Amino acid sequence: METYELLSAVLLAAGSFLLLSGGIGVLRFPDVYSRMHAAGITDTLGACLILLALMLLAGFSLVLLKLMMILAFLLITGPTSSHALGKAAWKAGVKPLTGKSLQR
Amino acid sequence: MRHTASVTLVLAAIWLGNSGHYDALLLSFGVVSIALVLWITHRMDVVDHESQPLHLTTKLPAYYFWLFKKIVASNIDVVIRAWRGPSSISPQFERVPAPQKTDIGRVIYANSINLTPGTLSVVVEDDYILVHSLSSDGMAELKSGEMSRRVCGLEE
Amino acid sequence: MLTVTTVTLLLVMALALSRAFVGPTVFDRILAANMFGTKTVLLIAVIGFLFGRPEFLDIAMVYALINFIGVIGMLRLIEYLEDENSSSQEEDA
């Protein structure tokens, strides 16, 4: 097994763990705003790690360029859509739970 | 003019990178579609220093490198909270001052707040950003203003 | 390791779907749908490598863009519907 394959396996494992944590967070957190933070993990670092691992496997080619483009699209659209979602929820009058009030 | 040139360059790079075929027919299709997109963007009047922030080119990489370290740190924090469950979070919802002078500065600031998990910009106004944060630590860190100072540094 | 990642992605997509079913607000469902979409992009890319067919990346790229536009469109529709509801209520009153 080559070094870069090992490195990409490590990145894939770390990325999978982050994705799973994000999925767990989306299920467990109490309101829509805090769930958005959990979805944020999978959108930023989770996607980053998995696409980096695939870039290592791809080597220098057009495939590498396409992976970089997908990563750029995800990193640009992710925060934009979560801001749009947060703003729409706020405008529709969904109030965030704050502080210790949610700890029963 | 510089902005039009940079749009053209980016479009050409996207076409060449995605097609992978370099014969005359497909290259001419590329030229036609780039011309079409340029015409549409000029009609929409969106080719300016905001969509193509060329004056920031030299400063942005250093900022995003710093931001990436922040993203990793806050990711680890949110992962720990996700596994420990709802009792480990105490969400905050407050206004954070946004002293940036230009619209693009405020957008970069709000975007950076959104990119770091644990903080979410909900409403962006002229002089403040309404931020939802997963913990009081995250809110305190934003209010200490380091990120805001760095974005202001980009504007100069 | 690619197989493990594929299985994890499918599991996370199932978690997102269950959040979309449970709700409770419409925004939870859109959040879950958005998350499902970005995970699909990653799944298509990983499966392309798993089966040795990197052409799948083109599909993943298109999916990333369509997912974004779809979410923005859905949010617009909901804002529009709510505006209409509130204005019709004012007319009733």
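Remember, it's a predicted structure, so these values are computed and weren't measured experimentally. Numbered from 1 within each chain, the chains take letters A, B, ... in sequence-line order.
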Quick one: which residues of residues 127-134 of chain B reach chain A at under 4.5 angstrom, heavy atoms only?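 Leu130(B), His132(B), Ser133(B), Leu134(B), listed by number.
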
Please output the residues of residues 30-43 of chain B in contact with chain A, using a heavy-atom cutoff of under 4.5 Å, in numerical order.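 Residues of residues 30-43 of chain B touching chain A at under 4.5 Å: none.
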
Counting heavy-atom pairs under 4.5 Å to chain A, which of [options] comes out on top?
{"options": "Val72(B), Asn18(B), Ile76(B), Asn111(B)", "answer": "Asn18(B)"}
{"options": "Leu120(B), Val78(B), Ile14(B), Val124(B)", "answer": "Leu120(B)"}
{"options": "Ser121(B), Ser136(B), Ala13(B)", "answer": "Ser121(B)"}
{"options": "Gly118(B), Ser135(B), Ser74(B), Ala110(B)", "answer": "Gly118(B)"}

What residues of residues 33-42 of chain A sit under 4.5 Å from chain B when only non-hydrogen atoms are counted?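 Within residues 33-42 of chain A, near chain B: Tyr33(A), Ser34(A), Met36(A), His37(A), Gly40(A), Ile41(A).
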
Sorted by number, residues from residues 46-58 of chain A in contact with chain B (heavy atoms, under 4.5 Å):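 Expected list: Cys48(A).
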
What's the separation between atom CZ in Arg28(A) and atom CZ in Arg84(B), rounded to the nearest 0.5 Å?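 So the gap between those two atoms works out to 10.5 Å.
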
To the nearest 0.5 Å, what is the distance between CD1 on Ile113(B) and OG on Ser82(A)?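 Atom-to-atom, Ile113(B):CD1 and Ser82(A):OG are 11.5 Å apart.
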
Per-residue contact mode, Thr119(B) against chain A (heavy atom under 4.5 angstrom):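 Just its backbone gets close to chain A.
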
A quick test of your reading: do over 12 heavy atoms of other residues, nucleotides or ligands sit less than 6.0 Å from [atom1] of [X]?
{"X": "Phe60(A)", "atom1": "CZ", "result": "no"}
{"X": "Phe68(B)", "atom1": "CZ", "result": "no"}
{"X": "Lys143(B)", "atom1": "NZ", "result": "yes"}

Shortest non-hydrogen contact from [X] to [Y]?
{"X": "Leu62(A)", "Y": "Leu16(B)", "value": "CD2-O, 4.3 Å"}
{"X": "Ser21(A)", "Y": "Ala82(B)", "value": "O-CB, 3.7 Å"}
{"X": "Leu115(B)", "Y": "Thr44(A)", "value": "O-CG2, 3.4 Å"}

Look at the rings of Trp83(B) and Phe17(A) and say which category their plane angle falls in: under 30° parallel, 30 to 60° tilted, over 60° perpendicular.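 Taking Phe17(A) first and then Trp83(B), their aromatic rings lie parallel (interplane angle under 30°).
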
At a 4.5 Å cut-off on heavy atoms, which part of Leu45(A) comes close to chain B: side chain, backbone, both, or neither?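 Both parts, heavy atoms under 4.5 Å.
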
If you tally heavy-atom pairs under 4.5 Å against chain B, which of Lys87(A), Met68(A), His83(A) wins?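 Maximum pair count with chain B is reached by His83(A).
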
